[in-house]
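Owing to the predicted nature of the structure, the values given are computational and were not obtained by experimental measurement.
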Number of protein chains: 2
Amino acid sequence: MNLGNRLKSNKKLTLNDLASLAGVSTSTVSRALSDNPLIKKETRVRIQALAASHNFSINTAASRLRTQKTKVVAVILNLIDHTEQSISDPFLLKIVGDLNQALNSKGYDLLLSNSFMATDNWANYFINSQRADGLIVVGQGKSDEKVQEVAESNVPLVVWGDPKTKSHYPIVGSNNRLGGSIATEHLITGGCKNILFLGDPEHMEMTSRYHGYQDALEAHAISLDSAFTVACDITSSAAYDKISELILSKGLFFDGIVACSDMVALGAMRALKERYIGIPSDVGIVGFDDILMAELSYPSLTTIKQNTQRAAQVMVNKLITQFDGKNSDSSLIDIELVARQSTKHSL
Amino acid sequence: MNLGNRLKSNKKLTLNDLASLAGVSTSTVSRALSDNPLIKKETRVRIQALAASHNFSINTAASRLRTQKTKVVAVILNLIDHTEQSISDPFLLKIVGDLNQALNSKGYDLLLSNSFMATDNWANYFINSQRADGLIVVGQGKSDEKVQEVAESNVPLVVWGDPKTKSHYPIVGSNNRLGGSIATEHLITGGCKNILFLGDPEHMEMTSRYHGYQDALEAHAISLDSAFTVACDITSSAAYDKISELILSKGLFFDGIVACSDMVALGAMRALKERYIGIPSDVGIVGFDDILMAELSYPSLTTIKQNTQRAAQVMVNKLITQFDGKNSDSSLIDIELVARQSTKHSL
DNA sequence: TGATTTTTTGCAATCGTTTGCATTTTTTGC
DNA sequence: GCAAAAAATGCAAACGATTGCAAAAAATCA
């Protein structure tokens, strides 16, 4: 197909076509469009203008094949189970949104997937196949088997999770232990004596938060009573069920709850409200994440805010570092207590 | 680089390498891997096994260049404003999750973007550049300028929005007018006399819901009073502010609210609860979407459920239809009233 | 057995960009 | 005005998979 025909039809223009139009060679056009100083400035702007006026756009398939780079990062939501609860966790979207922003600002596109849909071999599917240059896995799941497998195949990889986990790959996440401790501390100074920890001990991030809870109790010489450690899936409905059942069977034996996430906290709050238990007068409650609903619930939820925006930037930087052949290690992201109505504030 | 070297190093295998290993030609391997019946069954399984044992994976960059197909669909979140509110709207994640599922089941990957990050010319960036085969735009925004531009450039496109909008591209969305009508009807039969509509009239989906609201009033011979139409951004905080202000300035002159989304309803509910206004005893309230929080709030929120899973499948099917050169039109998705505690139920 | 059909495989061009190297053009210095 | 250096451009070979067509192998028939 010659240039004339291609211009007439709605076939996409190629570098070659542009070259004919500009009266230069293909390589010159290629260099001009990437603003290569090898090409005379005058020529560069002329060609760039021509390209713009024709709505030209580089064919990324060809470019990727030639350069062996995709400029794409696959983000995998590593969900634990297939409930709707976990797949629509508001916290996930927050992270995905921030990752998208961080990636785009570095010139990368985001390919979204989740652990249920992607084939088993992530490294193969995304990297060998040249669909993406690297992987960001959100969530460690209950075991890190799959992630470990990816890491071993030497694929650029960053994981959102608990950074204190021992691993051969970089993990970025909040200072969960400190967060758990601050949350508990906040309840204690507000006057709570019998504080529940509500969360899933098999989940690494939650385990760290639980350790923080223990730290705070210890610091205040409160003995740890296993009856106050309540295992519960990290969904709001599980929390609701658990708290309801607990009150039914044992009465209101606690006056504070450290919840391992906002969704869990909100589920617990609902159980309390249904029974007309005062918040924070009877029971104080602290969540974790600071999702939008935390501010919106009534009473609004005191929580430990995770700085997802910064976390996303850190993750992307670590990944890019790996693209350059260097390797990177785990990082803790600072957290922050956001005191709202669900807890009493000390003076 | 010869085969020996490539096997020793960790360079990716190519079809060519596999061919050498199998003692056949490249084309045979290519066909065998795509299970082309042109190749003897015996040979096919032998080569497939060989490929599997070497963790072989087709290079999609090369494949896309050759076939001119990417097997990728770009999903663009067409956000209205740049607040955190809109970017972390739980309803969006629900749709994105369902789209991902629907796309994967048809063999497509999902490239995520949003209207703030993507460059202006979507058709160029995603389609001409061969990053994706088609576009799914979630949300019509306040004007459909950009979308219109894409549609005109003859790019496979489906939009999530209000299907009754006049357009040259297929729109998939809920039966918003019917939904608005059912919601209002539900309040009326529950005894409400003075029903507020809370939403953004510039937003097409919301406008349809508003028309449904009018339909229901009319059907019950209730005259439409413009004081009961409350314009408000579709975020929970805007709704909270609006209702707070309204009560402050005019007192409690209404006994029912039709909110244009669950987030808006939740914001309004918070404003009511803060003033100890009974829900549903003093004011009944109905939302739209059925996000997770609707069930979790207290009182739980009566709402119009949107069937996002089915919608996602429909959208993907329509897009694939377009890949085959046919064109498709808009579709209405059925909605459903989910009656919960925030409204009185008629007997 | 030899001709003909059917089945199975291989050849080679192509998709559009990038880039090392060669070549041409321009500038500089004397 | 001419050689040498510097700047600008062009040539052509990859990158790896796919596919129409030709060729070879096997099966069928007479």
Side-chain angles (χ1 to χ4, degrees), chain A residues 1-3 6 9 11-48 50-51 54-71 124 127-131 133, chain B residues 1-3 5-6 9 11-48 50-51 54 56-71 124 127-131 133:
Chain A
M1 173 183 273
N2 66 26
L3 182 59
R6 189 168 294 196
S9 75
K11 268 269 172 190
K12 289 164 198 155
L13 281 183
T14 70
L15 275 190
N16 234 307
D17 301 331
L18 267 190
S20 311
L21 287 172
V24 295
S25 74
T26 315
S27 41
T28 299
V29 178
S30 173
R31 290 185 175 114
L33 291 184
S34 59
D35 225 26
N36 189 327
L38 223 54
I39 303 298
K40 205 201 313 183
K41 180 132 201 186
E42 192 183 299
T43 319
R44 257 184 283 162
V45 300
R46 181 168 62 90
I47 294 180
Q48 284 164 10
L50 185 72
H54 281 82
N55 264 334
F56 174 80
S57 188
I58 281 286
N59 183 321
T60 57
S63 175
R64 287 172 186 171
L65 175 58
R66 173 62 226 238
T67 62
Q68 305 282 71
K69 302 214 160 101
T70 65
K71 286 287 190 171
N124 253 357
I127 309 300
N128 274 342
S129 72
Q130 200 137 161
R131 262 173 252 261
D133 294 334
Chain B
M1 173 184 271
N2 65 29
L3 182 57
N5 284 342
R6 189 167 295 198
S9 77
K11 268 269 171 188
K12 289 162 198 156
L13 282 182
T14 70
L15 275 189
N16 234 307
D17 301 330
L18 266 191
S20 311
L21 286 172
V24 296
S25 75
T26 316
S27 43
T28 299
V29 177
S30 173
R31 291 186 174 114
L33 291 184
S34 59
D35 226 26
N36 189 326
L38 225 55
I39 303 298
K40 204 202 308 182
K41 181 136 201 180
E42 191 183 300
T43 319
R44 257 186 284 163
V45 299
R46 181 167 63 90
I47 294 180
Q48 284 165 9
L50 185 73
H54 282 80
F56 174 81
S57 187
I58 281 286
N59 183 320
T60 56
S63 175
R64 286 170 187 174
L65 175 58
R66 175 62 227 239
T67 62
Q68 304 283 66
K69 303 213 160 103
T70 65
K71 285 287 188 175
N124 254 356
I127 309 299
N128 275 343
S129 72
Q130 198 135 166
R131 263 171 251 264
D133 295 334

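Note that CG of A:L15 is 4.0 Å distant from CZ of A:F56, once rounded to the nearest 0.5 Å. A distance of 8.5 Å separates CG of B:N36 from OG of B:S30, quoted to the nearest 0.5 Å.
Nucleotides of DNA chain D nearest to B:L65 and A:R31 differ in position, and the one nearer the 5' end is that of A:R31. Each of B:S27 and A:L15 lies near DNA chain C, and the nucleotide nearest B:S27 is the one positioned closer to the 5' end.
For the pair B:S30 and D:dA17, the criterion of a side-chain N or O lying under 4.0 Å from OP1 or OP2 is not met. The side chain of A:S63 contributes no N or O atom lying less than 4.0 Å from OP1 or OP2 of C:dT17. For D:dT9, neither phosphate oxygen OP1 nor OP2 lies less than 4.0 angstrom from any side-chain nitrogen or oxygen of A:T28. Residue A:Q68 places at least one side-chain N or O closer than 4.0 Å to OP1 or OP2 of D:dG16.
Using the Watson-Crick or G-U wobble rule with both distances under 3.5 Å, C:dA13 pairs with D:dT18. Across all strands shown, the partner of D:dA13 is C:dT18, judged by Watson-Crick or G-U wobble contacts whose two distances both fall under 3.5 Å.
With rounding to whole Å, B:Q130 atom CD is found 8 Å from C:dG16 atom P. Rounded to whole angstrom, the span from the CZ atom of B:R131 across to the C1' atom of C:dT17 amounts to 14 Å. A straight line from CZ of A:R64 to P of C:dT17 spans 13 Å, rounded to a whole angstrom. The CG-C1' distance, from A:L33 to C:dT17, rounds to 11 Å in whole Å. Regarding B:K71, its NZ atom lies at a distance of 16 Å from the C1' atom of D:dA17, rounded to whole Å. Look at CD1 on B:I58: it is 8 Å from C1' on D:dG16, rounded to the nearest Å. A straight line from CD1 of B:I47 to P of D:dA17 spans 14 Å, rounded to a whole angstrom. In this entry the distance linking NZ of B:K12 with C1' of D:dA17 reads 15 Å, nearest Å.
The nucleotide whose nearest atom lies closest to any side-chain atom of A:S25 is, among C:dT17, D:dC11, D:dA17, D:dC11.
Heavy-atom distances under 4.0 Å link DNA chain D to A:L38, A:I39, A:K40, A:T43 of residues 34-44 of chain A, given in residue order.
No side-chain donor-acceptor contact under 3.5 Å links A:Q130 to the backbone of A:T70.
Looking at A:D133 and A:K69, their side chains come closer than 4.5 Å, going by heavy atoms from C-beta outward. Counting heavy atoms from C-beta on, the side chains of A:R64 and B:T60 never come closer than 4.5 Å.
Inspection of the A:D17 and A:T14 side chains reveals an N or O donor paired with an N or O acceptor under 3.5 Å.
Here B:D35 pairs with B:R44 in a salt bridge; the nearest charged N to carboxylate O distance falls below 4.0 Å.
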